[in-house]
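A note on names: the letters A, B, ... follow the listed sequences, proteins ahead of strands, and every chain is numbered from 1. Only a predicted model underlies this, so the values are computations on that prediction, with no experimental measurement involved. Hydrogens, waters and symmetry mates play no part in the numbers below; they use all other heavy atoms, side chains included.
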Amino acid sequence: MGPTTRAQFVYNRRRRRRSGGRHAVEEASDEEEQRQDSSSSSSDEEDEAEASGEEVADDDDDDEEVEEEAAVVEAAAKEHPAAAAAGEKRGGRKGRITISLKKVCKVCKRTGHEAGFKGAVYIDCPMKPCFLCKMPGHTTLTCPHRVAMEHGVIPAPRRNINTSLDYVFQSQVKGKISMVKPKFLIPNQLECGNIKFHQRRVTCLEFHPTRNNVLLSGDKKGLLGIWDYVKLHEKITYDSVHSCILNSMKIDNANDGILYTASSDGTISCTDLDTGIGSPLLNLNPNGWNGPSSWRMIYGMDLNIDKGLILVADNFGFLYFLDRRSKTRIGHPILIHKKGSKVTTLHCSPAHPEVLLSSGNDHYARIWDTRKLEANSPLASLAHGRVVNSGYFSPQSGNKILTTCQDNRIRVWDYIFGDLQSPSREIVHSHDFNRHLTPFKAEWDPKDYTETVAVVGRYISENYNGVALHPIDFIDTSSGKLLAEVMDPDITTISPVNKLHPQDDILATGSSRSIFIWKPKTEDELTEERTKQKAKEYVYGSGSRKKTNGKHDNSSDDDSDGDSGRKNKKTKKTRFTCITKGKGKSKV
DNA sequence: ACACAATGGACCC
DNA sequence: TGGGTCCCCTTGTG
């Protein structure tokens, strides 16, 4: 087993231990067994190899050493077969075979280096541009944009020169409003979770606007979940609403028992939340499946509350209007993004519902006036480096725009009536495209009336006491500063779906098939934490003991025995609820 | 402890 | 424009 595979093994073992702990598995014995298993099997291997005369490279051997030795022996064998044979005799082994363990980088296929996890730290391929900022010449570990709480996210330089409006805003308005709401609380404490509530990965989340504590969720299979996270066992799933990816959800503002959902099955459904009975409002594939080139999928959807309209956009770049009451289509589809390209999100301005923001796979976000809508008539086109995952107006005034782009940048436009030529800020943040993940979407905090705070999941991992965790980032979009990174040792999966509660300091996270609820730490918990931190500092600071890996110390793969993970585990309260998986409509 | 599959988009021709 | 091919930090399953 080479170093990489061993590292991967250790990493996986840690993960297994973590997930196993939840189900009251006897951890220690399990662990011991595993350790014994692996050690005995590996020694067996060596014995066997030795008996057959094979040379087995030890894990700890240096790559180059092994390679060199192999090369030398091979060359010698070629040039002097007799001498090689003699060497074999000297070694007292018959048919000595040398295996060349050439390490190949899985990214660039070259030798001499390897990309991949070394423990909890991912080592980039040096031949590729930085995985974080996409610039050549360095790797993620040394990227100047690398997220670290101590230093904050470094925003990319503001490219446009301030307009006069900016100047007025800065000098007259900005100083008079506080930058963050008076008591800004980050919901960073895991409150409860619903493990594998969904059959496939979670694709969207929405808090019910009027029913307290009710969270709606959708997954890749089209399953709709309804969960009261205070009454932990009140969970309902409906699998009949859609047949594939549930991309977007909106509660009817006139009837809060009605949910509109958009799906890649090409339909908009209107579902009664109490019965789960849905009726299709729109079906873009009335003739069924005729191959992928004609199958229409719906990603973006929003409501125009004033006009009682539902706005819908498909994967071919077209926008459709639906009348909510008559349940009929209005007018003709209008091309709002490059023909044949997906429209990822739609958002009507909260202040001016007739103003629409669309974002698409054609690398643009566009602002439209829906009263005079024609193809090629956007009010503005906001250029991006790659596919735009999402675009949202700010939640109060609608004056700002926040977009998430697959070029690993979050873009902010501070004033939509100003110069939109280029964004006010570009914030480098890891949220790349990965075909196996729900696309990341940075979203405003609806409660933050200064329209500053945004939340977004992070793709690349952080070494957290020897475990690779993927935090959920709270970003100050006015400075690019990282306000908080939310993570928990029990959540090792990436969390691309995040929703902040419209009134409460609560964060809902969709991570793989699970859903989590976060709340701020209470005063007591904060005090306790500070005390613990002080005690920790005392221990590490006073003795000669080697300082263990800090949260942001990515320097080395320590902890190959995974001890710190277990320490962490001990203090963790288990407050999860597990549900039994069921088919069809299930009340759990 | 592996292998494997699912499957979206970029890029090339 | 469309088909072929490749792909860097996934996750769950068998």
### Message
Just the rounded figure in Å: distance from P of C:dC9 to NE2 of A:H429.
### Response
17 Å
### Task
Could you check how far CG of A:N434 sits from P of C:dT11, rounded to whole Å?
8 Å
### Task
Look at A:T140 and C:dC9 and indicate whether a side-chain polar atom (N or O) is within less than 4.0 Å of OP1 or OP2.
no
### Counterpart residues, side-chain hydrogen bond (donor to acceptor under 3.5 Å, both in side chains), relative to A:S240 (two or more places apart)
none
### Task
Mind checking ring-ring contact (aromatic ring centres under 6.0 Å, His included) for A:F474 and listing every partner two or more places apart, or none if nothing turns up?
none
Taking only N/O atoms, report every protein-nucleotides 9-11 of chain B pair under 3.5 Å with atom names and distance.
from  : atom 1 : to     : atom 2 : distance (Å)
B:dG9 : OP1    : A:K342 : NZ     : 2.7
B:dG9 : OP1    : A:N361 : ND2    : 3.2

### Task
Please state how far atom NZ in A:K109 lies from atom C1' in C:dC7, giving the value in whole angstrom units.
9 Å
### Query
With sugar-phosphate meaning primed atoms plus P, OP1 and OP2, does A:I494 contact a base, only sugar-phosphate, or nothing at under 4.0 Å between heavy atoms?
sugar-phosphate
### Query
Hey, are A:T203 and A:T438 close enough side-chain-wise for a donor-acceptor pair under 3.5 Å?
no
### Message
When the C1' atoms of B:dC11 and C:dC9 are compared, how many Å lie between them, rounded to an integer?
### Response
23 Å
### Message
For a quick check of understanding: with a heavy-atom distance under 4.0 Å over all strands, which category does A:F131 fall into, base, sugar-phosphate or nothing?
### Response
base
### Summary
Residues passing the ring-ring contact (aromatic ring centres under 6.0 Å, His included) test with A:Y122, sequence neighbours excluded, are A:F117
### Validation row, ring centre A:W413 to ring centre A:H384 under 6.0 Å
yes
### Task
Can you sort out the partners of A:H347 under ring-ring contact (aromatic ring centres under 6.0 Å, His included), two or more places apart, ordered by chain and number?
A:Y392, A:F393
### Query
Whole-Å distance between C:dC8 C1' and A:D432 CG?
9 Å
### Query
Any idea which of C:dC8, C:dT13, C:dC9 is nearest the A:K128 side chain?
C:dC8
### Task
Please state how far atom CG in A:D219 lies from atom P in B:dT7, giving the value in whole angstrom units.
13 Å
Dump every N/O contact between nucleotides 3-6 of chain B and the protein below 3.5 Å, one line per pair.
from  : atom 1 : to     : atom 2 : distance (Å)
B:dA6 : N1     : A:H436 : ND1    : 3.1
B:dA6 : N1     : A:H436 : NE2    : 3.4
B:dA6 : N3     : A:H436 : ND1    : 3.4

### Query
For the pair made of CG in A:L469 and P in C:dT10, what is the distance, rounded to whole Å?
14 Å
### Message
Under the rule for side-chain hydrogen bond (donor to acceptor under 3.5 Å, both in side chains), what residues qualify as partners of A:Y320, not counting sequence neighbours?
### Response
A:R296, A:D314
#### Entry: Euclidean distance, atom NE2 of residue A:H198 to atom C1' of C:dT11 [Å, nearest integer]
16 Å
### Query
Between A:R513 (CZ) and C:dT10 (C1'), how many Å, whole number?
13 Å
### Task
List in chain and number order the residues that pass side-chain hydrogen bond (donor to acceptor under 3.5 Å, both in side chains) with A:N315, two or more places apart in sequence or in another chain; answer none if no residue qualifies.
none
### Message
What's A:P129 touching, base or sugar-phosphate or nothing? Going by heavy atoms closer than 4.0 Å.
### Response
base
## Note on the structure
Residues at least two apart in sequence or cross-chain that pass side chain to side chain contact (heavy atoms under 4.5 Å, CB included) with A:T509, listed by chain then number, are A:I472, A:S495, A:N498, A:L507, A:S511, A:F516, A:W518
